[in-house]
Asker: 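I'd like to ask some things about the structure below.
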Amino acid sequence: GDKANWILNQEILYEEEKGVLLLSQRAHVRQLAEKVLGVSKLDNPVNKVLPTNYEPSKLDSPTTEAGKAELSHMAKKYRAALGGALWIAGQTRVDCQYAVSALGRKTSNPPKADWKALKHLIAYMSYTEDLCLRWSRDVTPGDDRLIMYCDSDFGGDRDTSRSTSGSVAMYHGGVLAHESKRQPLVAMSTM
């Protein structure tokens, strides 16, 4: 029968001879980059998900009504662009999950530094648009079972001292589920 080529703006690619299925969001990344950066594909290398010096903190957000009003137009663009990045990260770009989670913590009052970091993330997505999820029919022994990875920082949030946890579930060499989120309580130890 016929095979599907697209689902929810995600391209389904097949490498029949290798028994590989790929799920790509190249089209969505290009649309987001065009909307936010004004170009659909970057040629300049952007090799890091977030800028090197980026440390999210609510202390950077405007505190006065005048400051909030000045950035209100940017805040609307920020939320729209972050929603697009969230969709991409949540579906196929595991490498961007933490960045989207960190940038999403200040959607009601984002500072200019977060807008710059979000544009950097979208530039990274654009430069690495060919990254996608991959599943293979032929796997090495051990990859034919469900594998889970998880990790967390310890008190990494500057504002709350809460930790951020991340996890990935894999099967047949491909990602099935992933998340990155701030823990609800302050951890008192690394245990």
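Note: hydrogens, waters and symmetry copies are ignored here, and every other heavy atom, side chains too, is used.
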Asker: What are the two closest heavy atoms between Ser40 and Ala33, and how far apart are they?
Answerer: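 Minimum heavy-atom separation between Ser40 and Ala33: O-CB, 4.0 Å.
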Asker: So how far is it from Leu121 CG to Tyr98 OH, rounded to the nearest 0.5 Å?
Answerer: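 Leu121 atom CG to Tyr98 atom OH measures 12.0 Å (nearest 0.5 Å).
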Asker: Under the salt bridge (Lys or Arg N to Asp or Glu O under 4.0 Å) rule, collect the residues that match up with Lys48, sequence neighbours excluded.
Answerer: none
Asker: Quick check for you: to the nearest 0.5 Å, what is the distance between Leu146 atom CG and Leu176 atom CG?
Answerer: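 Answer rounded to 0.5 Å: 6.5 Å.
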Asker: Can Val94 be reached from Tyr149 by stepping across I, L, V, M, F, W or Y side chains whose heavy atoms are under 4.5 Å apart?
Answerer: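 Yes.
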Asker: How would you list, by chain and number, every residue that makes a side chain to side chain contact (heavy atoms under 4.5 Å, CB included) with Phe154, sequence neighbours excluded?
Answerer: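 Here the qualifying residues are Ser163, Ala187, Thr190.
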Asker: Linking directly or through intermediates, with side-chain heavy atoms under 4.5 Å: list the remaining ILVMFWY members grouped with Trp6, chain and number order.
Answerer: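 Listed partners: none, Trp6 stands alone.
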Asker: Taking side chain to side chain contact (heavy atoms under 4.5 Å, CB included) as the definition, give me every residue that meets it alongside Ser101, ordered by chain and number, with sequence neighbours left out.
Answerer: Arg105, Ser180
Asker: Rounded to the nearest 0.5 Å, what's the gap from NZ on Lys18 to OG on Ser136? Could you check?
Answerer: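 Rounded to the nearest 0.5 Å, the NZ-OG separation comes out at 9.5 Å.
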Asker: Indicate the atoms forming the closest heavy-atom contact of Ala85 with Leu118, along with that distance.
Answerer: CB-CD1, 4.4 Å
Asker: How would you list all residue pairs meeting side chain to side chain donor-acceptor pair (under 3.5 Å) that involve residues 21-34, not counting sequence neighbours?
Answerer: Asn9-His28, Asn9-Gln31, Gln25-Thr92, Arg26-Asp130, Arg30-Glu129
Asker: Compare all side-chain heavy atoms of Met125 with those of Cys96 and state whether any distance is below 4.5 angstrom.
Answerer: yes
Asker: Identify the residue among His178, Glu179, Gln97 that makes a side-chain contact (heavy atoms from CB on, under 4.5 Å) with Val168.
Answerer: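 By the side-chain contact (heavy atoms from CB on, under 4.5 Å) criterion, Val168 pairs with just one of His178, Glu179, Gln97: His178.
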Asker: With a 3.5 Å cut-off and sequence neighbours excluded, list the donor-acceptor pairs that the side chains of residues 71-78 form with protein atoms.
Answerer:
unit_1: Ser72; atom_1: OG; unit_2: Ala69; atom_2: O; d: 3.0
unit_1: Tyr78; atom_1: OH; unit_2: Leu103; atom_2: O; d: 2.5

Asker: How long is the straight-line distance from CG of Leu37 back to CG of Leu32, given to the nearest 0.5 Å?
Answerer: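 Atom-to-atom, Leu32:CG and Leu37:CG are 7.5 Å apart.
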Asker: Run the salt bridge (Lys or Arg N to Asp or Glu O under 4.0 Å) test against Asp153 and tell me which residues pass, sequence neighbours left out.
Answerer: none
Asker: What's the shortest heavy-atom distance between Ala80 and Lys35, and which atoms?
Answerer: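 The answer is CB-NZ, 4.3 Å.
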Asker: Work out which heavy atom in Ser108 is nearest to a heavy atom in Pro110; give both atom names and the distance.
Answerer: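 Result for this residue pair: C-CD, 3.7 Å.
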Asker: Test of understanding: with salt bridge (Lys or Arg N to Asp or Glu O under 4.0 Å), list the residues that count as partners of Arg162, not counting sequence neighbours.
Answerer: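 Not a single residue meets the salt bridge (Lys or Arg N to Asp or Glu O under 4.0 Å) criterion with Arg162.
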Asker: Output the rest of the hydrophobic cluster of Leu22: all Ile, Leu, Val, Met, Phe, Trp and Tyr residues reachable through side-chain heavy-atom contacts under 4.5 Å, sorted by chain and number.
Answerer: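 Members other than Leu22 - counting any ILVMFWY side chain reachable under 4.5 Å - are Leu13, Val20.
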Asker: Would you check if Leu23 and Trp135 make a side-chain contact, meaning some heavy-atom pair closer than 4.5 Å?
Answerer: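 Leu23 reaches Trp135 side chain to side chain.
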Asker: Give the minimum heavy-atom separation between Ile122 and Ala81, together with the two atoms involved.
Answerer: CD1-CB, 4.1 Å
Asker: Would you say that Tyr124 contacts Asp95 through its side chain, given a criterion of any heavy-atom pair below 4.5 Å between the two side chains?
Answerer: yes
Asker: Determine which pairs satisfy salt bridge (Lys or Arg N to Asp or Glu O under 4.0 Å) with at least one residue from residues 181-191, sequence neighbours left out, and list them in order.
Answerer: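 Sorted pair list: Asp157-Arg182.
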Asker: Could you work out, with side chain to side chain contact (heavy atoms under 4.5 Å, CB included) as the rule, every residue matching Asn5, not counting sequence neighbours?
Answerer: Tyr14
Asker: Between Ser161 and Val186, which heavy-atom pair has the shortest distance, and what is it?
Answerer: O-CG1, 3.8 Å
Asker: Using the salt bridge (Lys or Arg N to Asp or Glu O under 4.0 Å) criterion, which residues pair with Arg79? Sequence neighbours excluded.
Answerer: none
Asker: Rounded to the nearest 0.5 Å, how far apart are OH of Tyr127 and NZ of Lys41?
Answerer: 7.5 Å
Asker: When rounded to the nearest 0.5 angstrom, what distance separates SG in Cys132 from CD1 in Ile12?
Answerer: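 CD1 of Ile12 is found 12.0 Å from SG of Cys132.
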